[in-house]
Amino acid sequence: MIKNIPGFLKLSAIFDLFEEIAMLVLTLCIMVVAALGLIHVLYAVFEMLRTATLSPTNPVVLQSLFGLFLRG
């Protein structure tokens with residue numbers, strides 16, 4: 001019955017296109033944020049290795065390292 005409304009199918013197609021574009025934009029934004037977080041963590045670990053401050057027996061170092069994973 002609702003399909004009998006004039007212009008309903010065209011309006012429905014426009015909404016479908018809008019939803020697809022919105023999902024694409026949001027997915028790209030999430031990908032960028034995740035990639036930047038990964039780069040930040042890798043850089044921090046590299047700096048810890050370079051300066052020899054990465055000690056697996058030091059709880060403060062481990063807590064800060066795992067904090068980087070959770071914060072991104």
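Tracing side-chain contacts under 4.5 Å through hydrophobic residues (I, L, V, M, F, W, Y), one never reaches I39 starting from M31; they form parts of separate clusters.
Atoms CE and CZ, on M23 and F18 in that order, are 10.5 Å from each other to the nearest 0.5 Å. Interatomic distance, CG of D16 versus CG of L11, reported as 10.0 Å (0.5 Å rounding).
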Begin with the C-alpha distance, continue with both residues' side-chain angles, and end with the deciding distance and a verdict on side-chain contact (heavy atoms from CB on, under 4.5 Å) for L17 and I21. CA-CA 6 Å; L17 181 63; I21 291 172; 4.0 Å; yes

